[in-house]
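In what follows, a single structure is set out as structure tokens and then discussed.
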Amino acid sequence: METQRFDLSSEDIPKNYYNIVADLPSPPPAVLHPGTGQPIGPDDLAPLFPMALIGQEVSTEREIPIPEPVREIYQLWRPSPLFRARRLEKLLDTPARIYYKYEGLSPTGSHKPNTAVPQAFYNKEAGIKRLSTETGAGQWGSALAFAGKLFGLEVEVYMVKVSYQQKPYRRSMMETFGATVHASPSDRTAAGRKFLAEDPDSPGSLGIAISEAVEKAASDEGTKYSLGSVLNHVLLHQTVIGQEAMRQMELAGDPPDIIIACAGGGSNFSGLAFPFLGAKLRGELDCRFIAVEPASCPSLTQGQYTYDFGDSAHLTPLVKMHTLGNGFMPPAIHAGGLRYHGMAPLVSHVLELGLIEARAVEQLACFAAGVQFAETEGIIPAPETTHAIRAAIDEALLCKEEGISRTILFNLSGHGNFDMQAYDDYFAGRLQDYAFDATAAAAAWEGLPAVG
Ligand SMILES: *Cc1c(COP(=O)(O)O)cnc(C)c1O
């Protein structure tokens with residue numbers, strides 16, 4: 001049988017989010033106030049987030065109930081299917097068995113709505129009128145625009161300028177859902193004006209766009225800020241992916257040996273990996289975990305593990321993470337969602353504990369893997385997702401070399417139907433690899449805050 005698909009029914013949509021903190025051997029380091037260097041409290045975050053999300057951010061409970069209205073909306077695309085990639089296995093002539101969890105069937109085409117919907121829900125419950133946010137390639141902005149619309153919230157998006165130019169239809173999509181979109185850096189915020197003054201042609205970065213969105217929320221009563229990755233509560237919401245995948249791999253009767261996902265801020269990786277990692281920590285299963293990042297923006301494999309700002313204008317609290325420095329400007333690769341200087345503190349923490357592995361891959365090799373996947377499985381992956389596919393294919397080829405069969409599960413975090421310009425550039429030979437710019441990172445590390 002060439003096509004093998006493992007489906008669950010709508011009653012199988014998880015009833016709780018899974019919190020990895022409950023099963024970790026040590027808690028992640030405290031988040032610090034940049035002024036005092038002391039751990040922050042809920043009140044410090046209150047201007048930016050509703051209390052329900054702040055509570056989740058610091059929770060140590062293993063299970064956090066998913067509100068029924070959120071589960072109801074999840075039915076639009078959850079449970080998401082899990083496939084075995086038999087045609088890809090055949091093409092690679094590998095003894096490995098490759099499975100993928102497909103998150104691209106959500107309304108906006110990626111895993112991002114898994115957290116956009118609960119974030120909009122909790123903000124609405126708290127009486128908030130408007131959400132401000134950043135977006136890289138536009139996946140997060142479209143997810144929040146969609147979720148905001150469902151709950152009657154206004155959504156204002158600061159979109160990294162290079163992506164604003166590379167992906168015009170993502171902007172159209174956000175506008176279709178009623179959001180307003182600004183190319184970042186913009187002249188609408190003090191942070192944006194500062195970066196424009198330094199470099200009028202700045203391609204922008206997630207770090208800058210976050211500064212603009214945070215400034216907007218902090219300076220307006222009825223506006224809260226919403227982040228699409230990195231934070232504990234975002235990773236928490238994404239664990240619906242891994243919880244479903246655990247049951248689907250049971251249906252397949254094939255426990256995974258290796259779990260792989262790409263990592264920009266770390267949310268789709270955590271979403272798939274953390275429920276399995278928790279089970280591993282409880283002694284219920286055994287497997288390896290690989291987070292895959294771009295060679296040009298390699299926070300996990302080349303970054304320092306230290307306290308840094310989450311944004312470029314130093315408006316956020318300090319978090320301990322693998323970072324290339326908040327002033328690091330990643331090259332304009334097409335995987336816009338992976339162009340972030342830092343990494344989720346929880347992902348950094350589990351890497352530091354030796355519980356997961358990290359790997360960096362080059363852009364051209366990723367697109368080659370993406371095309372092989374499209375040719376065999378029929379889904380054109382998002383440029384971000386091709387990083388996971390590259391690593392999955394490399395592991396499958398290693399199995400072939402070693403004559404060993406392993407079960408590989410990766411997260412197909414999103415489709416690339418809005419990223420055809422990237423594929424066009426790839427086919428026309430207009431894309432290049434960018435080596436990690438260690439000099440630029442060293443300069444950015446000069447600007448690290450002096451704490452911790
Ligand atoms: C945003 C995005 C990513 C990267 O973000 P994470 O938080 O690391 O998951 C990866 N894949 C797709 C399709 C995305 O939209």
Side-chain angles (χ1 to χ4, degrees), residues 77 80 100-116 119 133-146 157 159-160 163 167 170 173-174 206 209-210 226-242 259-274 289-294 297-300 310 321-322 330 333-348 351 356 358 360-361 366 370 373 379-391 410-419 422:
W77 69 98
S80 68
Y100 59 95
K101 177 77 166 155
Y102 186 37
E103 290 297 310
L105 292 176
S106 78
T108 57
S110 79
H111 65 291
K112 300 287 199 319
N114 296 334
T115 183
Q119 288 194 46
T133 197
E134 76 295 324
T135 195
Q139 289 272 20
W140 169 241
S142 7
L144 193 68
F146 154 71
V157 185
M159 184 173 188
V160 176
S163 294
K167 325 224 159 176
R170 274 281 163 199
M173 191 174 190
M174 291 182 256
L206 278 168
I210 291 172
S226 181
L227 187 61
S229 187
V230 178
L231 297 175
N232 298 351
H233 68 263
V234 179
L235 275 46
L236 178 81
H237 299 156
Q238 293 294 353
T239 59
V240 292
I241 302 173
I259 290 180
I260 297 173
C262 66
S267 74
N268 90 88
F269 170 78
S270 306
L272 178 65
F274 281 3
F289 303 90
I290 308 176
V292 192
E293 61 185 6
C297 191
S299 51
L300 282 171
M321 61 179 173
H322 289 86
I333 54 169
H334 268 284
L338 307 184
R339 290 180 70 243
Y340 183 57
H341 66 271
M343 182 52 63
L346 268 176
V347 174
S348 292
L351 179 69
I356 65 163
V361 291
C366 289
F373 186 81
I379 298 165
I380 300 175
E384 291 84 358
T385 311
T386 62
H387 291 68
I389 300 174
R390 178 74 266 161
F410 75 87
N411 202 5
L412 189 57
S413 54
H415 69 64
N417 295 0
F418 287 87
D419 303 282

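Bear in mind that the values here come from a model prediction, so they are computed numbers and not experimental data. Order of listing sets the numbers, starting from 1, for every ligand and every atom in it.
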Check the pair Glu103 / Asn411 against side chain to side chain contact (heavy atoms under 4.5 Å, CB included), numbers first and verdict last. CA-CA 8 Å; Glu103 290 297 310; Asn411 202 5; 3.8 Å; yes
field: Trace of the side chain to side chain contact (heavy atoms under 4.5 Å, CB included) decision for Val347 with Ser270
entry: CA-CA 7 Å; Val347 174; Ser270 306; 3.2 Å; yes
* Does the side chain to side chain contact (heavy atoms under 4.5 Å, CB included) test come out yes or no for Arg339 and Val160, once each step is laid out? -> CA-CA 10 Å; Arg339 290 180 70 243; Val160 176; 3.6 Å; yes
_Go through it in stages, so that I can follow the logic: the residues are Lys112 and Asn268, the test is side chain to side chain contact (heavy atoms under 4.5 Å, CB included), and I'd like the CA-CA distance, side-chain angles, deciding distance and then a yes or no._
CA-CA 8 Å; Lys112 300 287 199 319; Asn268 90 88; over 6 Å; no
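Of all protein heavy atoms, the one lying nearest to atom 14 (C) of ligand 1 is Lys112 NZ, 2.8 Å. Closest protein heavy atom to atom 8 (O) of ligand 1: Gly264 N, 2.7 Å. Ranking protein heavy atoms by distance to atom 12 (C) of ligand 1, first place goes to Ser413 OG, 3.4 Å.
Neither the backbone nor the side chain of Glu103 comes within 4.0 Å of ligand 1, counting heavy atoms alone. At a 4.0 Å heavy-atom cut-off, ligand 1 touches Ala263 through the backbone alone. For Val234, no heavy-atom contact with ligand 1 is shorter than 4.0 Å.
In terms of heavy-atom proximity, Phe373 sits nearest to Ile379 at CD2-O, 3.5 Å. A pairwise comparison of heavy atoms in Leu338 and Pro294 identifies CB-CG, 3.6 Å as the closest pair.
Of all atoms in ligand 1, numbered sequentially from 1 with element shown, those under 4.0 Å from a heavy atom of Cys262 are 10 (C), 11 (N). Atoms of ligand 1 found under 4.0 Å from any heavy atom of Leu338 (numbered from 1 in listed order, with element): 4 (C). Close approach of ligand 1 to Ser229 (heavy-atom distance below 4.0 Å) involves ligand atoms 6 (P), 7 (O). The distance from ligand 1 to the heavy atoms of Gly414 drops below 4.0 Å at these ligand atoms: 13 (C). Below 4.0 Å from some heavy atom of Gly337 lie the following atoms of ligand 1, by number and element: 4 (C).
Ring geometry for Tyr102 against Tyr100 counts as perpendicular: the plane angle is over 60°, on a 0 to 90° scale with 30° as the lower cut.
Atom CD1 of Ile356 is separated from atom CZ of Phe274 by 7.0 Å, given to the nearest 0.5 angstrom. Atom OG1 in Thr115 sits 8.5 Å away from atom CG in Leu236 (nearest 0.5 Å).
Note on ligand 1: Gln238 sits outside its first shell, no heavy atom being nearer than 4.0 Å.
The residue among Glu293, His415, Glu384 with a heavy atom at the shortest distance from atom 10 (C) of ligand 1 is Glu384.
Taking only nitrogen or oxygen atoms, main chain and side chain alike, Phe269 does not reach within less than 3.5 Å of ligand 1.
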